[in-house]
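Here's the structure we're looking at; comments come further down.
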Amino acid sequence: MTSNTFNQTKFTPVPPEKGSFPLDHESLCKKYYLLYMSCLSRNEDQNSKCRQEAKEYLGCRMENHGSVATIKLPVLIEKLQDPSLDFIFNIKVILTEHAKHFVDFASMPQSVDLLDDEMEWKAWSKRGDPVVHIELGKWADLAVIAPLSANSLAKISMGLCDNLLMCVVRAWDLKKPLLFCPAMNTRMYDHPITSDQINKLKSWGYHEIPSIAKTLICGDTGNGAMAEVDTIIIEILNKIQK
Amino acid sequence: MTSNTFNQTKFTPVPPEKGSFPLDHESLCKKYYLLYMSCLSRNEDQNSKCRQEAKEYLGCRMENHGSVATIKLPVLIEKLQDPSLDFIFNIKVILTEHAKHFVDFASMPQSVDLLDDEMEWKAWSKRGDPVVHIELGKWADLAVIAPLSANSLAKISMGLCDNLLMCVVRAWDLKKPLLFCPAMNTRMYDHPITSDQINKLKSWGYHEIPSIAKTLICGDTGNGAMAEVDTIIIEILNKIQK
Amino acid sequence: MTSNTFNQTKFTPVPPEKGSFPLDHESLCKKYYLLYMSCLSRNEDQNSKCRQEAKEYLGCRMENHGSVATIKLPVLIEKLQDPSLDFIFNIKVILTEHAKHFVDFASMPQSVDLLDDEMEWKAWSKRGDPVVHIELGKWADLAVIAPLSANSLAKISMGLCDNLLMCVVRAWDLKKPLLFCPAMNTRMYDHPITSDQINKLKSWGYHEIPSIAKTLICGDTGNGAMAEVDTIIIEILNKIQK
């Protein structure tokens, strides 16, 4: 089932959750930084006039330092919809408020539904909308959380449900596969609570797609980057074929 | 001690916590749904003009699918104040922001105090108000959490205190009885973390009034509905007589 | 490294987290209470015109009932900067939204940086600011959480990172010392989850500076007050000398 019911809705961008941007120690994003600063300068420091520049600068920092991997979402979707696959996936994307800051809606395929906390509330009262009568958890055959941040990992491991994604996970039918792709900065990843909580999720039958180590330009190597998109695709196909 | 100090205050309704309304798979609430849609249609989709209709529609969904049982609160209070009981209960009701959406204030007995997060802040600075000098936890002989949602269960099990109810519970004197009535949708209830967290609360001496199974009109049976009001009354009387 | 880059920023006071003010059972703060009420009376109950009076009244309640000890922060900083110490400390203070309500910015030494959730977001995009290129966790040799509230203790013990302080802690390098000073009201302190969570933090190598018992004027004695400032100083010096 595919529907683009939700695609018309305008998302309001919000500031990201605090503490979420990796710093640009290696100055890989100098170019975007200067463009952003130049824009602010032209516009008397009004951030609202430099949204695009801010997005590109922050996107660069994210891309190059890999702690949050939401920006890989369009690629993941595109590859899942590759006609050469044996499966046709009907995809609904649940975005947390945090994730919404990093997703370029224009680049999202028209064939996927985007759901967020506010839309859940609105959509469920919307006239004649067929989608409102589908509980996501019942509808879906498989769930993939990519990326799974340190904070959401903690919430899931403790059964908190304070947003749409967390509630879908809390109510997930354990007989269906749920895959999760941890992604966080290396020092968060190295904290012992990370593996404790990953093991908790695995004890419930959730399937980890482990994060990977990346070598940064400064020479440091660290774990915590989200698995490659191709790895995630393979794992999804493995699970769906069972 | 009974006071109606707080009853004059106007509560501002807020949208409910996301993910909280059970869907109406069995179309039990078709009538209310149509009334609501018709109201929206007459009023150019302005939700603010159809509050009553929305409330009735959502109330119906809640009543018939029983995952959140806050709407049973007035009945519980009424039965606790039955003059034929051996006890006279002085009742204070703490409402979370979520719960406030479902409580019909007009139907609440004048003899109970309603407390919410905002009022705590205001009331404690209110001139000459005798209630401000009572710490709820010291004042009360017994606490009942009915219903206890999946999210609040998680918070209590982990000692979070980010609202008035959670703080009263966090500071609860374990020598006094605390009763809790889990209520959530069946799939949430069936997740293994539910019983883990219920057992955690019981290990502290809190007393569970177990949720019950209900058969839905579609034939499914599932656990997670709040215990019957009469059961809760009996348990309260048992505890208070000890 | 010392910088006063952030000191110019105006903090907007916010209402405190709910449930956070100890009540004034012993009427120690009667004087401030009356001044506050008198101010409200003169100003037709407009709280915004009585901010200073409210602050003094609430500050008194905090000081005399000791559950939240943020107000001791300026003294702690001053003593850490005593020239007779063998160390010169460069200090950055991370304030949660809650803590900001209790800190008197005018009394804070100019030599410390104040960081809060909003500033993190702003500062990291600020033109030419050298501080934005320092990740706090990498910069610091030692962290002290004083006071550590019941709610933040719970969050840390579970790896939640939903504000700047929590994220710095979540990403803390366990090879560096992290000291924490629990402070909460006695009944919260006495709940068994408190010691469970303190032990969890200690299992990660974090160092507890235990809370102390205080005798209140009514004769009650209870644990949960933050350690004395001098004790905290000694513990910091011990750790830094290793």
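Values below: all heavy atoms of this structure, side chains included; hydrogens, waters and symmetry mates excluded. Letters go in sequence order (proteins before strands), and every chain restarts at 1.
Arg187(B) and Ala171(A) make their closest contact through CB-O, 3.3 Å (heavy atoms, listed as atom of the first residue, atom of the second, distance). Taking every heavy atom of both residues into account, Met188(B) and Cys161(A) meet most closely at CE-SG, 4.0 Å.
Remark: Lys176(A) NZ is packed, more than 12 non-hydrogen atoms of other residues, nucleotides or ligands lying under 6.0 Å away.
Within the 4.5 Å cutoff, no side-chain heavy atoms of Asn151(B) are placed close to those of Met166(A).
Here Leu142(B) pairs with Val144(B), Pro177(B), Leu179(B), Ile236(B), Lys239(B), Ile240(B) under the side chain to side chain contact (heavy atoms under 4.5 Å, CB included) rule; sequence neighbours left out.
Among residues 194-209 of chain B, the residues having any heavy atom closer than 4.5 Å to a heavy atom of chain A are, in sequence order, Thr194(B), Asp196(B), Gln197(B).
Rounding to the nearest 0.5 Å places OG of Ser157(B) at 8.0 Å from CG of Leu160(A).
Only the side chain of Leu174(A) comes within contact range of chain B, with heavy atoms under 4.5 Å apart.
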